[in-house]
Amino acid sequence: MSSAPTPIVSNFIRTIIDADLASGKHGNIVTRFPPEPNGYLHVGHAKSICLNFGLAQDYQGKCNLRFDDTNPEKESQEYAQSIQNDVRWLGFEWNGEVRWASDYFEQLYQFAVELTEKGLAYVDDLTPEQMREYRGTLTQAGKSSPSRERSVAENLDLFARMRAGEFADGSMVLRAKIDMASPNMNMRDPVIYRIRRAHHIRTGDVWCIYPMYDYTHCISDALEGITHSLCTLEFEDHRPLYDWVLDNLSIKCHPRQYEFSRLELHYTITSKRKLLQLVNDKHVSGWDDPRMPTISGMRRRGYTPDGIREFAKRVGISKSNNTVDMSVLEGCVREDLEAKAARVMAVIKPLKVVVTNFIEGQTESRVAGFHPQHPEFGERLVPFAKEIWIEADDFSVNPPEGWQRLTVGGEVRLRYSYVLRCDELIKDAAGNVVELRCSIDPDTLGKNPVGRKVKGVIHWLSVEHALPAEIRLYDRLFTVPEPDADKNVDFCTYLNPKSLAVVQGWVEAVVREAASETRYQFERLGYFCTDRYAHLPGKKIVFNLTATLKDTWEK
RNA sequence: UGGGGAGUCGCCAAGUGGUAAGGCAACGGGUUUUGAUCCCGUCAUCCGUAGGUUCGAUCCCUACCUCCUCAGCCA
């Protein structure tokens, strides 16, 4: 990061790892990031990625990337590919090859046979509705299915025939035989295999039965030698099942699951289902729309991997529910960009200024550094001419108290150039200010005028030299802090109609050949990034607003 | 009303039986040709509540309150 990086803060998981390493329980740690390839990764996943890969880095351990691809109906290669791209873009590399739960399908099947042989699993043909009834409620114990006492031999036969495709989808399942009276619903004989004739992205039509998450995850972790299996709080209730499966199978490795609280962010949503809805209903241009909280969306918006990683560090890891404001994420990105983005001037809402005492047709160029604190960023020439653009917001006919910008009769410093005085304004028939007639003080280049102080500094562009650019301005996607808080109101109701505004502005000619995804600070405006797709170097300039600069002037 | 979790500054978040880290934000001041950055300073007599144990408790015990979470052949 720019200045002082946020120091590593202890958390309960690090405490556990420290103890495991100190006691010799583990010589080194192995974590894993296990997404289901059923959507694009979002900021919440970024927190998990930074945790798992970050821990592996800090402790010189390893972190696997494993796809939990056990539900073929929702998964796709496109998603799997995007996930790999996102992890790498964030700056992490997984240990060895990408792992797939589907690579373990045969072993998973054999383990299920083992469970069945031990009398710990049985084939059930209750309908989903019946199964729900038999499961009981939070306060009432469930009751046994008639199939619960089926013989081992018959279970083995039935399970083999399930695999062989003899039964219809949904007609039967394999269940773990645990405890129908358990106060933990997950232990009331959970389904571990279901029949589903769906084309799988990797195994195609080889299988017609697929293992469930709870059964698959722990075994996958064990097969990979994972030491610390980290997941979010809602899986706390699943831990007994995770342990039950491993305790009852002939697998020596028994990873431990630890749960941390998930990230909640104000003014956005992080539910894959809802994010998918935004895409499908065309409320956004796609998963990578710059307004999306997806990693690819943030990338397109101009957020940096370092900024996002800093954010993960800042929010920390704990078990308490927490909601972080978007401004914290923006702050991290700003901090990173402050140090890394080259400065350039741009005018988003232009107002023409004619410098009456400057010679027509003359151009006067001044050298300006690309970064005030880093001369190594280099410099460029900024041309000055008789006609210039200034930001319309930098001029006011009736300025409020404390105004440091331009007003009639007032003076302001043109960044890198002269002190300018506004002598008169020109209005159109409707009374709108359309042009300013100003004059410069020729003796203020590189020095302050004598006898008076000019506090304000504004950015500007020579009309003749500026380059037109499409500038996409973004605002928060939702108008309320918690769009999906009320289950009775569709979160789309709170979509911000003004979350995107496309304007035609002007930028310095030096950015003409900028590659896509090049980040700049437009002085006094904010950080902008050339669009990953629409921006065509040398042909079409398209910038996305990443974040505005902090503005303490706001009144 | 069953089970599993969590409650420390506006937002995150350490911490320990010995008298409350840090970050962000905020607020004051300084520098500044970005009202940005940067620099300096301020910012919990108090750790959900009420009791108890103790020389001493945010950390131990008891009760209570609040919030989250679980009844998919999703993950």
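We name chains A, B, ... by the order of the sequence lines, and we start the count at 1 in each one.
For Thr70(A), taking side-chain heavy atoms from C-beta onward, the closest of the listed nucleotides A75(B), U34(B), G2(B) is A75(B). Looking at the side chain of Asn321(A), the nearest of the listed nucleotides A75(B), C67(B), C24(B) is C67(B). Nearest nucleotide to the Glu338(A) side chain, out of A36(B), C74(B), C70(B): A36(B). Among A36(B), U33(B), A6(B), the nucleotide with an atom closest to any side-chain atom of Ser320(A) is A6(B). Comparing C74(B), G7(B), A36(B) by their closest approach to the side chain of Thr552(A) singles out A36(B). With A21(B), G5(B), C12(B) as the candidates, the nucleotide lying closest to the side chain of Thr323(A) is C12(B). The nucleotide whose nearest atom lies closest to any side-chain atom of Asp237(A) is, among U37(B), G4(B), C24(B), G4(B). Among the nucleotides G2(B), A36(B), G5(B), the one closest to any side-chain atom of Leu138(A) is G2(B). Taking the side chain of Arg314(A) as heavy atoms from C-beta on, and the options A14(B), U34(B), G23(B), the nearest nucleotide is G23(B).
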Derivation of the ring pair (Phe, Tyr, Trp, His ring centres under 6.0 Å) call for Phe235(A) and His217(A)
CA-CA 12 Å; Phe235(A) 290 100; His217(A) 206 88; 7.8 Å; no
Hey, mind stepping through Glu411(A) and Lys453(A) against salt bridge (Lys or Arg N to Asp or Glu O under 4.0 Å) and telling me if it holds?
CA-CA 9 Å; Glu411(A) 281 187 312; Lys453(A) 54 182 193 295; over 6 Å; no
Give the C-alpha distance, both sets of side-chain angles, the deciding distance and a yes or no for side-chain contact (heavy atoms from CB on, under 4.5 Å) between Val510(A) and Tyr520(A).
CA-CA 11 Å; Val510(A) 277; Tyr520(A) 288 100; over 6 Å; no
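Counting any heavy atom pair closer than 4.0 Å across all strands shown, Asn448(A) reaches no nucleic acid atom. Using a 4.0 Å heavy-atom criterion, one finds that Gly170(A) contacts the bases of the nucleic acid, with or without backbone contacts as well. If you check every strand for non-hydrogen atoms under 4.0 Å, Glu36(A) touches sugar and phosphate atoms only. At the heavy-atom level, Arg188(A) lies nowhere under 4.0 Å from the strands shown. Across all strands shown, Gly446(A) has heavy atoms under 4.0 Å from base atoms, whether or not it also approaches the sugar-phosphate. Across all strands shown, Arg366(A) has heavy atoms under 4.0 Å from base atoms, whether or not it also approaches the sugar-phosphate.
Distance noted for atom P between U69(B) and U42(B): 41 Å (whole Å). Distance noted for atom C1' between G15(B) and C59(B): 9 Å (whole Å). If you take atom P in G48(B) and the same atom in A6(B), they sit 13 Å apart, rounded to whole Å. To the nearest whole angstrom, the two C1' atoms, one in A13(B) and one in G22(B), are 8 Å apart. For the P atom pair drawn from A71(B) and C12(B), the interatomic distance equals 26 Å after rounding to whole Å. Taking atom P on both nucleotides, C46(B) is separated from G30(B) by 34 Å, rounded to a whole Å. G29(B) and A21(B) have their P atoms separated by 27 Å, with the value rounded to a whole Å. Taking atom P in both A36(B) and A14(B), the straight-line distance is 32 Å, to the nearest Å.
When Watson-Crick and G-U wobble pairs are counted only if both distances are under 3.5 Å, U42(B) pairs with A26(B). Pairing partner, C64(B): G48(B), with both Watson-Crick or wobble hydrogen-bond distances short of 3.5 Å. Nucleotide U34(B): unpaired (no Watson-Crick or G-U wobble partner with both distances less than 3.5 Å).
Once the 5.5 Å centre distance and the 30° plane angle are applied, the aromatic ring of Trp553(A) is found stacked with the base of G35(B).
The residue among His371(A) and Ile317(A) whose nearest nucleotide of RNA chain B is located toward the 5' end is Ile317(A). Projected onto RNA chain B by closest heavy-atom contact, Pro35(A) and Gly402(A) fall at different nucleotides, the more 5' of which corresponds to Gly402(A).
Ring centers of Phe311(A) and Tyr303(A): at least 6.0 Å apart, outside the cut-off. In this structure, the ring of His238(A) has its center no less than 6.0 angstrom from the ring center of Tyr242(A). Within the 6.0 Å centre-distance limit, the rings of Tyr109(A) and Phe159(A) are counted as a close aromatic pair.
Taking 3.5 Å as the limit, the base of G35(B) and the side chain of Arg524(A) contain no donor-acceptor pair of atoms between them. Side-chain atoms of Asp551(A) and base atoms of G35(B) include no donor and acceptor less than 3.5 Å apart.
At G15(B), one or more side-chain N or O atoms of Ser10(A) fall inside 4.0 Å of OP1 or OP2 (strictly under the cut-off). Side-chain N/O atoms of Arg405(A) include none lying less than 4.0 angstrom from OP1 or OP2 on U33(B). OP1 or OP2 of A6(B) has not a single side-chain nitrogen or oxygen of Ser318(A) nearer than 4.0 Å. Contact between the side-chain N/O atoms of Arg135(A) and the OP1/OP2 oxygens of G72(B) is found at a separation under 4.0 Å. When the side-chain nitrogen and oxygen atoms of Lys550(A) are compared with OP1 and OP2 of U37(B), one or more of them lie within a distance under 4.0 Å.
Note that the CD atom of Glu482(A) and the CD atom of Glu264(A) stand 8.0 Å from one another [nearest 0.5 Å]. Within the model, atoms CZ of Phe167(A) and CZ of Arg197(A) stand 10.0 Å from one another, a figure rounded to the nearest 0.5 Å.
Note: CE (Met185(A)) to P (G2(B)) measures 14 Å, nearest angstrom. Atom P of nucleotide U34(B) and atom CG of Leu337(A) are separated by 19 Å, given to the nearest angstrom. The distance from atom NZ of Lys319(A) to atom C1' of C67(B) is 16 Å, rounded to the nearest whole Å. C73(B) atom C1' lies 6 Å from atom CZ of Arg196(A), rounded to whole Å. Rounded to whole Å, atom C1' of C24(B) lies 14 Å from atom NZ of Lys313(A). Here G7(B) presents its P atom at 11 Å from CG of Asn322(A), a figure rounded to the nearest Å. Regarding Asp214(A), its CG atom lies at a distance of 14 Å from the C1' atom of A71(B), rounded to whole Å. Atom CG in Leu233(A) sits roughly 8 Å away from atom P in A6(B) (whole-Å rounding).
A salt bridge links Arg256(A) with Asp243(A): the distance from a Lys NZ or Arg NE/NH1/NH2 to an Asp or Glu carboxylate oxygen falls below 4.0 Å. Between Arg314(A) and Glu310(A) there is a salt bridge, since at least one side-chain N of the basic residue sits less than 4.0 Å from a carboxylate O of the acidic one. The pair Glu391(A)-Arg524(A) fails the salt-bridge criterion, with no side-chain N (NZ, NE, NH1 or NH2) lying under 4.0 Å from an Asp/Glu carboxylate O. A salt bridge does not link Lys74(A) to Glu36(A): none of the charged nitrogens lies less than 4.0 Å from a carboxylate oxygen.
Looking at residues 126-134 of chain A, you'll see Leu126(A), Thr127(A), Pro128(A), Met131(A), Arg132(A) sit with a heavy atom under 4.0 Å from some atom of RNA chain B.
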